[in-house]
Amino acid sequence: QVRLVESGGGSVQPGGSLTLSCAASGFTLSTYAIGWFRQAPGKEREGVSCISSRDSSTYYSPSVRGRFTISRDNAKNTLYLQMNRLNPGDTAVYYCAADPNPLPPALCGSAQGDSVYDYWGQGTQVTVSS
């Protein structure tokens with residue numbers, strides 16, 4: 001059974017950092033297209049960063065590029081999102097998602113990106129405020 005469990009969320013001041021983790025079970029993370037999405041109150045879910053299962057190419061939303069880094073530890077079957085220089089606009093529930101198809105990471109940023117990924121975690125809250 002495919003399962004994704006996020007952790008690492010919390011409250012942080014503007015300019016701070018957090019690292020989110022997504023522990024995968026029931027499948028081999030490196031063989032799936034995987035990524036991070038977020039949903040702020042009153043807004044639609046959006047793709048933050050995704051990574052390809054084929055060549056480890058990545059996608060970053062323009063709003064996080066240069067501040068966030070996606071990575072995975074195949075030995076631990078875990079996906080990470082290192083978030084630096086956080087600002088209030090980053091406040092949201094963050095979800096990790098996975099799909100067995102070789103999805104291009106750029107699909108993460110499309111309007112229908114989140115509807116393509118089959119498996120989702122329960123989400124972890126990130127709040128950035130002073």
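Hydrogens, waters and symmetry mates play no part in the numbers below; they use all other heavy atoms, side chains included.
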*Asks:* Measuring from C50:SG to L103:CG, what's the distance to the nearest 0.5 Å?
*Replies:* 8.5 Å

*Asks:* Does the side chain of L20 come within less than 4.5 Å of V126's, by heavy atoms?
*Replies:* yes

*Asks:* Do the non-hydrogen side-chain atoms of L86 and F68 ever get within less than 4.5 Å of each other?
*Replies:* yes

*Asks:* A side-chain contact here means heavy atoms from C-beta on lying under 4.5 Å apart; do S49 and R65 qualify?
*Replies:* no

*Asks:* In the structure I gave you, are the side-chain heavy atoms of V116 and D114 within less than 4.5 Å of one another anywhere?
*Replies:* no

*Asks:* Under a plain distance cut-off of 3.5 Å, with no hydrogens placed, do S17 and R85 share a side-chain donor-acceptor pair?
*Replies:* no

*Asks:* Ignoring hydrogens, what is the shortest heavy-atom contact between P102 and R54? Give both atom names and the distance.
*Replies:* CB-NE, 3.4 Å

*Asks:* Just checking, any donor-acceptor pair under 3.5 angstrom between side chains of Q82 and T19?
*Replies:* yes

*Asks:* Minimum heavy-atom separation for G109 and Y59, please, with both atom names.
*Replies:* CA-OH, 3.3 Å

*Asks:* Do W120 and V93 share a hydrophobic cluster (ILVMFWY, side-chain heavy atoms under 4.5 Å, transitive)?
*Replies:* yes

*Asks:* Out of curiosity, D90 CG to R67 CZ, how far, rounded to the nearest 0.5 Å?
*Replies:* 4.0 Å

*Asks:* Working to the nearest 0.5 Å, report the span between CH2 of W36 and CE of M83.
*Replies:* 8.0 Å

*Asks:* For a quick test of reading the model, state the closest non-hydrogen atom pair linking P100 to Y119 and the distance between them.
*Replies:* CD-CE1, 4.0 Å

*Asks:* Given 3.5 Å as the limit, does a donor-acceptor pair link the side chain of T28 with the main chain of S30, or not?
*Replies:* no

*Asks:* Would you please classify the geometry between the F37 ring and the Y117 ring as parallel, tilted or perpendicular, with 30° and 60° separating the classes?
*Replies:* perpendicular

*Asks:* I need the minimum non-hydrogen distance between A40 and T91, along with the two atoms involved.
*Replies:* CB-O, 3.5 Å

*Asks:* Taking all non-hydrogen atoms of both residues into account, name the closest pair between A23 and T78 and its distance.
*Replies:* CA-OG1, 4.0 Å

*Asks:* Could you grab the distance from atom CG of L79 to atom CD1 of I51, nearest 0.5 Å is fine?
*Replies:* 7.5 Å

*Asks:* Is there any side-chain hydrogen bond (donor to acceptor under 3.5 Å, both in side chains) pair reaching into residues 93-110, and which pairs are they, with sequence neighbours excluded?
*Replies:* R38-Y94, D99-N101

*Asks:* Please round to the nearest 0.5 Å and tell me the distance separating atom CG of L29 and atom CG of N74.
*Replies:* 7.0 Å

*Asks:* Measuring only between side-chain heavy atoms, which start at C-beta, is Y80 closer than 4.5 Å to I70?
*Replies:* no

*Asks:* Kindly say whether C96 contributes a backbone atom to a donor-acceptor pair with the side chain of E6 at under 3.5 angstrom?
*Replies:* yes

*Asks:* Distance check, rounded to the nearest 0.5 Å: N87 atom CG versus S130 atom OG?
*Replies:* 12.0 Å

*Asks:* Give the intermediate values and the outcome of side chain to side chain contact (heavy atoms under 4.5 Å, CB included) for residues R72 and S56.
*Replies:* CA-CA 10 Å; R72 65 185 174 202; S56 295; 3.0 Å; yes

*Asks:* Looking at S11, is its backbone amide N or carbonyl O close enough to the side chain of T127 to form a donor-acceptor pair, meaning the two atoms are under 3.5 Å apart?
*Replies:* no

*Asks:* How close do T58 and P105 get, counting heavy atoms only, and between which atoms?
*Replies:* C-CB, 4.0 Å

*Asks:* Quick one: does T69's side chain get under 4.5 Å of L81's, heavy atoms only?
*Replies:* no

